[in-house]
Protein chains: 2
Amino acid sequence: MKERVSLLGYALLGLLNQRPGSGYALRKMFASTPIGTFSDSPGAIYPALRRLERQGHIRGRVAQSAGLRRKQVFQLTPRGKATLREWLERPLKREDVVAGLKEVMLRFAFTDEAIGPAASVRLLRDLARELEAYVPTLHTYLREHRAAMPLSGRLALESGIRSYDDLSRWAADALVAYHASARKKGRERRVRS
Amino acid sequence: MKERVSLLGYALLGLLNQRPGSGYALRKMFASTPIGTFSDSPGAIYPALRRLERQGHIRGRVAQSAGLRRKQVFQLTPRGKATLREWLERPLKREDVVAGLKEVMLRFAFTDEAIGPAASVRLLRDLARELEAYVPTLHTYLREHRAAMPLSGRLALESGIRSYDDLSRWAADALVAYHASARKKGRERRVRS
DNA sequence: TCTATCATGTAAAGGGTTACATGATTCT
DNA sequence: AGAATCATGTAACCCTTTACATGATAGA
């Protein structure tokens with residue numbers, strides 16, 4: 001029962017939560033949208049879908065639309081929704097930021113639709129907090145090793161630092177966007193009433 | 001003979017090229033420097049070292065320094081150097097940029113010391129070119145889908161776009177830094193003579 | 001009829017993660 | 001004596017990659 005879900009698995013859960021679809025539709029999604037960088041190979045997706053189904057996170061039903069080959073449309077079960085929610089709500093830790101932002105950004109992309117803007121705001125705040133703690137350590141490392149580093153190594157590190165700095169700024173902007181969106185919704189509600 | 005080298009393998013080759021060391025030293029390197037995000041677990045590094053050794057890319061020799069436990073110090077063989085060089089000189093393709101910058105930045109970090117600044121400059125130029133081709137497609141996608149995207153999805157995409165834009169700027173700055181460094185070297189040479 | 005697209009799968013191989021295991025030395 | 005650090009490894013499991021395979025329908 002303790003079976004884990006891979007990052008690809010969560011990506012599939014998130015997409016299927018937005019709208020049920022076939023394995024083929026999911027592959028097209030990966031191939032055509034810049035949502036994240038996942039392989040669109042059948043050898044990754046179909047086994048992943050079967051794992052999720054075996055674990056009870058999704059359920060597929062055959063939909064033979066107009067005499068086409070059998071096509072399975074998958075959707076989340078209550079259990080799958082709970083699993084997705086648990087992942088999205090998981091407190092953000094330092095390692096999540098250090099180990100690469102791919103997973104963090106994927107979580108963020110799904111959060112709003114899946115569990116609402118309050119969770120998105122929380123994630124943004126957590127991200128800003130972790131970045132504030134982490135980025136200075138990079139600056140310190142650079143300051144202390146700058147002289148001993150080859151030029152390309154130093155520049156590569158500076159690139160990493162810059163991208164984290166930029167992400168900090170993005171997080172701040174995104175929080176502003178969320179507040180603006182909340183205010184707008186509030187106004188609309190008042191106008192309608 | 002067509003055996004492949006994983007990204008971790010190239011990272012090990014690059015580090016060992018800078019200075020020969022033991023598996024333990026490499027682990028410390030991964031754990032303590034922000035060079036890239038690799039696992040410092042023995043279960044990844046020792047098997048990878050053995051693979052590289054089996055393929056003839058590195059050679060380890062036992063150095064029992066002051067009665068410690070046997071410690072193997074690895075260094076590149078000529079073949080390993082050739083393999084590293086081939087990887088570093090490989091022309092940068094669109095996919096390399098789309099699939100994540102981790103590998104590109106790792107290559108860049110090693111290039112200067114391994115094969116000289118001219119190759120670093122070439123890599124930077126290739127990177128700038130690919131980014132110039134790729135980033136507009138992201139902007140186009142955003143423009144066309146903006147209205148239909150949930151707020152968090154849109155913001156996540158914007159974050160990706162911003163980070164690519166920033167990387168473009170970094171590449172331009174890095175080129176300037178290389179030219180400055182080349183000029184400085186030139187001056188020093190003239191002064192000495 | 002042939003090609004592109006829709007649609008789903010399997011098999012083998014390689015490699016990373018996690019957990020476990022061992023043993024020596026140095027410092028407290 | 002015990003803890004921390006140096007130092008190297010193994011085994012099971014899972015996932016991804018790559019390559020191969022099949023079959024139907026729609027349009028040129």
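Below, chains carry the letters A, B, ... as their sequence lines are ordered, and counting in each starts from 1. Here the structure is a predicted model, which is why all the values come from computation and not from measurement.
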What's the [atom1]-[atom2] distance between [X] and [N], to the nearest Å?
{"X": "B:Tyr10", "N": "C:dG15", "atom1": "OH", "atom2": "C1'", "answer": "15 Å"}
{"X": "A:Asp40", "N": "D:dT16", "atom1": "CG", "atom2": "C1'", "answer": "13 Å"}
{"X": "B:Gln55", "N": "C:dA13", "atom1": "CD", "atom2": "P", "answer": "16 Å"}
{"X": "B:Leu49", "N": "C:dG15", "atom1": "CG", "atom2": "P", "answer": "13 Å"}
{"X": "A:Leu7", "N": "C:dT17", "atom1": "CG", "atom2": "C1'", "answer": "15 Å"}
{"X": "B:Met29", "N": "D:dC6", "atom1": "CE", "atom2": "C1'", "answer": "18 Å"}
{"X": "A:Ile45", "N": "D:dC15", "atom1": "CD1", "atom2": "P", "answer": "15 Å"}
{"X": "B:Leu52", "N": "C:dG16", "atom1": "CG", "atom2": "C1'", "answer": "15 Å"}

Does OP1 or OP2 of [N] have a side-chain N or O of [X] closer than 4.0 Å?
{"X": "B:Ser39", "N": "C:dG16", "value": "no"}
{"X": "A:Tyr24", "N": "C:dT8", "value": "no"}
{"X": "A:Tyr46", "N": "C:dT8", "value": "yes"}
{"X": "B:Arg50", "N": "D:dG9", "value": "no"}

Main-chain N/O of A:Leu167 paired with B:Arg162 side-chain donor or acceptor, under 3.5 Å = no
Is a side-chain N or O of B:Arg79 found less than 3.5 angstrom from the main chain of B:His57, in a donor-acceptor match?
-> no
May I have the step-by-step check of salt bridge (Lys or Arg N to Asp or Glu O under 4.0 Å) for B:Arg169 and B:Asp166, ending in yes or no?
-> CA-CA 5 Å; B:Arg169 262 176 302 237; B:Asp166 293 329; 2.5 Å; yes
Which nucleotide sits closest to the side chain of [X]: [options]?
{"X": "B:Gln72", "options": "C:dG9, D:dG9, C:dG15", "result": "D:dG9"}
{"X": "B:Ser22", "options": "D:dT17, C:dG9, D:dT8", "result": "D:dT8"}
{"X": "B:Leu8", "options": "C:dT18, D:dG9, C:dG16", "result": "C:dG16"}

Mind checking if [X] touches a base, just sugar-phosphate, or nothing, with heavy atoms under 4.0 Å?
{"X": "B:Ser41", "value": "base"}
{"X": "B:Arg51", "value": "sugar-phosphate"}
{"X": "B:Gly43", "value": "base"}

Of B:Lys28 and B:Pro42, the one whose closest DNA chain D nucleotide lies more 5' = B:Lys28
Identify whether B:Phe110 and B:Val104 are in the same connected component of the hydrophobic contact network (ILVMFWY, side-chain heavy atoms under 4.5 Å).
-> no
Measure the acute angle between the ring planes of A:Trp87 and A:Tyr10, then classify it against the limits of 30° and 60° as parallel, tilted or perpendicular.
->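 Plane angle under 30°, so parallel.
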